[in-house]
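Counting convention: from 1, in listed order, for ligands and their atoms alike.
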Amino acid sequence: MAKILLNKSNFFHNLELCSKQAGSKDKIAIVLKDNAYGHGLKEISQLANEFGIRKAVVQDVEEANKIKNLFDEILILKVSQNMTYSHNFHITVNDMCEIKQLPINSNVHLKIDTGMHRNGIDPKELEVAIHSIYSNNLNLTGIFTHHRSADTLSSEFFWQKAIFKDIKLKAISICEQLNIDVPNFHSANSNALFRDNNFDEDLCRIGLAAYGYMYKFDLCKNIALKPILSLWTQKMSSRTLKNNQAIGYGGSYIAKEDMEIGTYDIGYGDGFLRVGEHHDKFITKDGFKLLGRVSMDNLTLDCQDDEVCLFDDVKELSKIHNTIYYEILTSLKPSIPKEIV
Ligand SMILES: *Cc1c(COP(=O)(O)O)cnc(C)c1O
């Protein structure tokens, strides 16, 4: 059976680097949305807990419920209908109209749209929003924003930061007037954390860097993150291919000589994205060639080993697919078994 191995010491290494950059473990909120970027929600949560991470970020309450005993604070990015609440859940307010829908005493993090124009309230609505949260008897525990270009060398990162700084000052003064606790402020994802050598926010939301990747290293010094996920597949059958015989759908690989080949038990149905006509660009970690197109549940390699590591790093694959690391990783289906090594 195909499987995912998770390298615990690499994960701890990445968490150590992030904690150092942030100033402490307590400032790290590990982002676990989409099955922990395909790595396995349960497995990554347990490891993060063992390392000493106390905060997490998930997409919805379903994910939050699965890990509620492992963290002190869980930020849920999306309100859903029929939410069940736990004392450690903190719900994101993405829109003014959500404030009235939340039950009394819910913890909320107010999201501010500082320029990404995806979610969050307009900065002009800050005062009205905080008053509305207060009068609806919700606990304002956080105020945050998200960068649209944390990985781009341009002024964008800085003007969003400046807007957020202004929000922070205003929010503190509004909270003081209302005599309520000042909430946590946060804006950084992985890239933003490593761009900022004087990180002074209350927490950062770390996804990609914890899993061992970063974009635009030149922006962020040379941070030696280590990917933690490797994808393994098992042989289903093997055969000898004669010179000129072709493999798989469309027969797109044609043998130039007699060769021993193996068929392996993974395909795009498992989330190993389909490599079609460009199959000759993909080589497994140990140098075996992909022969022909990837099928739904299997693929063929110029090898007959019982078990093969397809990759332990998605950088090359992301070039082949012309996409970002996030997409390669989150495509992996939750049903692939995980092992921690
Ligand atoms: C996904 C996400 C993050 C994590 O971003 P990385 O680049 O993976 O560190 C942080 N904040 C929000 C709101 C997100 O949706």
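Residue contact check: Tyr37 has heavy atoms under 4.0 Å from atoms 1 (C), 4 (C), 5 (O), 6 (P), 8 (O) of ligand 1. Annotation for ligand 1: atoms under 4.0 Å from non-hydrogen atoms of Tyr326 are 6 (P), 7 (O), 8 (O). Interface of Lys33 with ligand 1, defined as ligand atoms under 4.0 Å from a residue heavy atom, comprises 1 (C), 2 (C), 3 (C), 14 (C), 15 (O). Set against the non-hydrogen atoms of Leu208, the atoms of ligand 1 under 4.0 Å away are 6 (P), 8 (O), 9 (O).
A heavy-atom separation below 4.0 Å is not found between Asn191 and ligand 1.
Between Val31 and ligand 1, no N or O atom pair is found at a separation short of 3.5 Å.
Each of Asn298, Asp265, Asp270, Thr284 was evaluated against Thr233; a single residue qualifies, Asp265, per the side-chain hydrogen bond (donor to acceptor under 3.5 Å, both in side chains) test.
No part of Val57 comes within 4.0 Å of ligand 1, judged by heavy-atom distances. By the criterion of a heavy-atom distance under 4.0 Å, the side chain of His146, and not its backbone, is placed next to ligand 1.
Judged by distance alone, the side chains of His109 and Thr92 never bring a donor and an acceptor atom under 3.5 Å apart.
The aromatic rings of Tyr215 and Tyr326 lie parallel to each other, their planes meeting at an angle below 30°, with 60° marking the opposite boundary. Between Tyr211 and Phe11, the angle of the ring planes stays under 30°, which puts this pair in the parallel group of the 30/60° scheme.
For the residue pair Glu63 and Asp34, the shortest heavy atom distance occurs at OE2-N, 3.0 Å.
Within a 6.0 Å radius of CE in Met296, no more than 12 heavy atoms belonging to other residues, nucleotides or ligands are found.
In this structure, atom 9 (O) of ligand 1 lies nearest to the protein heavy atom Ser190 OG, 2.5 Å. Of all protein heavy atoms, the one lying nearest to atom 5 (O) of ligand 1 is Asn189 CB, 3.5 Å.
With hydrogens and angles ignored, the 3.5 Å screen pairs no side-chain donor or acceptor of Glu43 with any backbone N or O of Ile340.
Among His147, Arg118, Arg205, the residue whose heavy atom lies nearest to atom 11 (N) of ligand 1 is Arg205.
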